[in-house]
There are 2 protein chains.
Amino acid sequence: MTDTTPRAAVPTLDEVAVLAGVSRATVSRVVNDSPRVSPEAREAVRSAIAELRYVPNRMARSLVTRRTDTIALVLNEPNTQVFSDPFFASIVRGVSATLADTDLNLVLLTAQDEREQQKIGRYARLGHVDGVILMSVHSDDPLPDILAEAGVPLVMCGRPFDDRAVAFVDADNRGGAEVATAHLIATGHRRIATITGPLDMIAGVDRLAGHRAALAAAGLRTFPELEAEGDFTEAGGARAMESLLGRDPELDAVFVASDPMAVGALSALRRAGRRVPDDVAVVGFDDAAVATRCDPPLTTIAQPLADMTPLLTELLLRQIEGVGEAVESRVCRTSLVRRASA
Amino acid sequence: MTDTTPRAAVPTLDEVAVLAGVSRATVSRVVNDSPRVSPEAREAVRSAIAELRYVPNRMARSLVTRRTDTIALVLNEPNTQVFSDPFFASIVRGVSATLADTDLNLVLLTAQDEREQQKIGRYARLGHVDGVILMSVHSDDPLPDILAEAGVPLVMCGRPFDDRAVAFVDADNRGGAEVATAHLIATGHRRIATITGPLDMIAGVDRLAGHRAALAAAGLRTFPELEAEGDFTEAGGARAMESLLGRDPELDAVFVASDPMAVGALSALRRAGRRVPDDVAVVGFDDAAVATRCDPPLTTIAQPLADMTPLLTELLLRQIEGVGEAVESRVCRTSLVRRASA
DNA sequence: CGGGGGCGTGAGAACGCTCTCACGGCCGTG
DNA sequence: CACGGCCGTGAGAGCGTTCTCACGCCCCCG
């Protein structure tokens with residue numbers, strides 16, 4: 001009804017230039033905030049732009065600048081469940097917020113299988129994005145290679161499996177896990193089990209290594225029956241806890257490699273009639289929001305997400321700008337947050 | 001190490017043409033699968049493309065075709081919690097899977113505040129996407145207007161608040177809720193509460209309307225103290241259930257407008273010492289995976305997501321192709337899934 | 001044996017922008 | 001008063017595609 005022109009004829013730079021009585025170049029300068037424009041010309045262009053409701057054509061611009069001003073956050077996860085992990089939500093939220101001040105756009109790409117991974121590789125290679133933040137990398141993942149080969153600036157969230165020269169930001173998973181289990185030892189527990197993350201993910205591997213290191217440091221042995229592999233989901237945590245309880249009913253503590261899994265473990269323990277922390281102490285990992293809400297509130301290892309997400313984008317932007325040839329990486333400190341579960 | 005050329009000089013159509021001994025136009029025809037190319041020329045071009053590892057420049061192509069071959073799934077949600085709702089995960093997964101067979105790319109855009117919404121509007125207007133699927137629309141949402149004005153093909157997931165001419169795909173929320181509450185009535189319950197969705201979302205409004213309609217049809221009155229507004233999260237469901245129990249300890253059933261909220265309600269009921277379904281019967285909505293896992297398994301209303309997601313993309317693609325001027329919408333049937341909670 | 005109709009091909013314009021370069025006009029300095 | 005320098009501006013060349021035409025060629029039919 002309000003639309004008088006049936007097909008909204010999109011105005012071009014030329015039309016703005018004609019209306020403003022200047023050249024195309026001057027309009028371009030105004031649009032791109034170049035300082036070398038007289039106030040009068042600038043004003044004339046401004047009002048012409050407003051009148052025509054001009055919006056620059058991004059494709060034309062990208063064609064010449066070779067930049068798209070969009071970066072991709074790639075979620076590489078076959079397991080749909082994990083998609084709803086609060087850790088991801090936090091990263092997405094954080095990166096999105098960091099980028100909000102810039103004129104960069106953020107797109108989320110998800111890959112659930114190899115076909116979709118290839119598609120993402122193609123998408124990146126086609127120059128749709130200036131850079132990629134890659135999350136949730138598994139050991140057999142082709143995506144790091146695909147993206148590296150595509151020559152796209154890349155920052156991984158979590159260190160890579162091999163020692164490849166790629167930028168990454170990671171929490172000190174090993175150190176955090178070590179602190180977690182050391183805390184359980186210090187509070188008098190001796191039969192300490194662990195629910196690991198997926199062992200095809202570096203966070204899963206590192207947190208298990210930290211747990212074992214803490215046991216070793218205290219002169220305690222590691223027992224296979226006290227280690228159960230989870231999948232970072234609440235349901236997986238519950239299953240793992242049940243399995244653990246079946247294998248060693250006497251266990252008195254458990255380090256769980258993520259808070260959602262710990263919540264699952266908590267309900268499995270409750271169903272089994274164990275009190276937390278009196279019968280079984282529980283320490284989680286992440287310090288997700290759910291850790292404060294569950295019953296009892298979870299003692300857990302906090303990842304400094306507030307530091308990590310800006311770092312993630314910062315390292316990527318630096319790569320995109322091309323300053324500093326060497327890829328740079330960061331490992332962020334974790335800390336123990338004591339609540340009621342241990 | 002393996003990279004001999006420091007800066008991977010991206011080959012262009014011209015270079016392929018020269019190597020293949022044909023013109024640019026012929027290469028373009030081969031790339032775009034035009035039939036009017038001789039087998040020999042096609043083969044020459046093919047091998048030249050392979051040798052040069054040629055990839056078409058998407059920006060240049062988009063500039064002339066005015067298509068980007070990417071569509072956006074916009075998640076418009078201030079509440080980070082809701083981001084991890086299994087319903088969203090299913091939609092994302094479904095749309096992504098539907099698009100996997102096409103050469104269309106899917107990007108996810110999230111908006112948590114008005115600034116980010118404006119950014120998405122700009123992104124769309126700039127021609128980054130061929131079309132938009134919009135999810136999680138709230139009553140005061142500027143995004144539908146922004147996108148409509150931007151002239152981008154648009155399909156909404158869920159009907160709009162006003163009767164605007166926009167394509168949408170929705171479940172029969174009202175009908176489903178009516179069936180849910182009717183089921184509670186049929187099984188002998190009389191003091192039936194409801195935990196609604198956010199009432200600034202159409203799904204929340206419609207499900208409440210269905211609930212009330214079922215009560216009215218059975219000659220039962222609606223009481224304000226038997227209605228509590230939730231936010232589609234588990235924590236919100238638990239809070240609402242507690243509030244309901246405080247307001248009317250005698251209630252014998254509750255229709256909960258989403259499964260995550262129902263799970264929260266279940267734990268609130270457990271904490272309050274009520275047995276489900278003996279003391280209080282519970283019916284959820286969504287038939288999310290969690291409905292089968294919780295204790296007791298949830299009787300719920302299934303949305304036909306398997307139908308809805310292909311429909312969503314289909315309607316959008318049809319708009320993009322420009323066939324069929326009139327916007328088309330669909331409302332999908334829901335069904336009662338009986339488990340143990342009611 | 002001549003003419004019409006494909007079919008495969010190439011030349012070149014167009015898409016909308018950025019950016020280099022050159023050119024006047026003004027100022028300040030010697 | 002003359003000259004160098006800077007500042008604002010415009011002309012025009014690209015960026016890498018697609019797509020419209022026009023042009024030979026060969027084949028088939030009369």
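Order of the sequence lines fixes the chain letters, A, B, ..., with proteins taken first and strands second; residue numbering starts at 1 for each chain. Keep in mind that this is a model prediction, so the values were computed, not measured.
Among residue pairs with one or both ends in residues 33-52 of chain A, none qualify as side-chain hydrogen bond (donor to acceptor under 3.5 Å, both in side chains); sequence neighbours excluded.
When the side-chain nitrogen and oxygen atoms of A:Ser28 are compared with OP1 and OP2 of C:dC17, none of them lie within a distance under 4.0 Å.
Counting to the nearest Å, the P atom of C:dC17 and the CG atom of A:Asn32 are 11 Å from each other.
No more than 12 heavy atoms of other residues, nucleotides or ligands sit less than 6.0 Å from atom CG of A:Asp163.
When atom types are taken as modelled, the side chain of A:Asp130 and the backbone of A:Thr68 share a donor-acceptor pair closer than 3.5 angstrom. Put simply, the side chain of A:Asp141 never gets that close to the backbone of A:Val137: no donor and acceptor are under 3.5 Å apart.
No side-chain donor from either of A:Asn105 and A:Asp69 sits under 3.5 Å from a side-chain acceptor of the other. For the 3.5 Å distance criterion, the side chains of B:Glu116 and B:Thr110 fail to qualify, holding no donor opposite an acceptor. For the residue pair B:Asn76/B:Ser136, the side-chain donor-acceptor check at 3.5 Å is not satisfied.
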Under 3.5 Å, which donor-acceptor pairs link side chains of residues 143-161 of chain B to any protein atom two or more places apart or in another chain?
residue: B:Asp145; atom: OD1; partner: B:Arg164; partner atom: NH2; Å: 2.3
residue: B:Glu149; atom: OE2; partner: A:Arg53; partner atom: NH2; Å: 2.5
residue: B:Arg159; atom: NH1; partner: B:Asp206; partner atom: OD1; Å: 2.8
residue: B:Arg159; atom: NH1; partner: B:Asp206; partner atom: OD2; Å: 2.7

### Summary
For nucleotides 5-10 of chain C, 5' to 3', base contacts (B), sugar-phosphate-only contacts (S) and non-contacts (-) with protein non-hydrogen atoms under 4.0 Å give --SSBB
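In this view, A:Tyr123 and A:His128 satisfy the ring-ring contact (aromatic ring centres under 6.0 Å, His included) rule, not counting sequence neighbours.
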### Summary
With both pairing distances under 3.5 angstrom for Watson-Crick or G-U wobble, and | for a partner in another strand, the correct string for DNA chain C is ||||||||||||||||||||||||||||||
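Only B:Leu63, B:Val64, B:Arg66, listed by number, bring a heavy atom of residues 54-66 of chain B to less than 4.0 angstrom from any atom of DNA chain C.
Between A:Arg115 and B:Asp101, at least one side-chain N (NZ, or NE/NH1/NH2) sits under 4.0 Å from a carboxylate O, which counts as a salt bridge.
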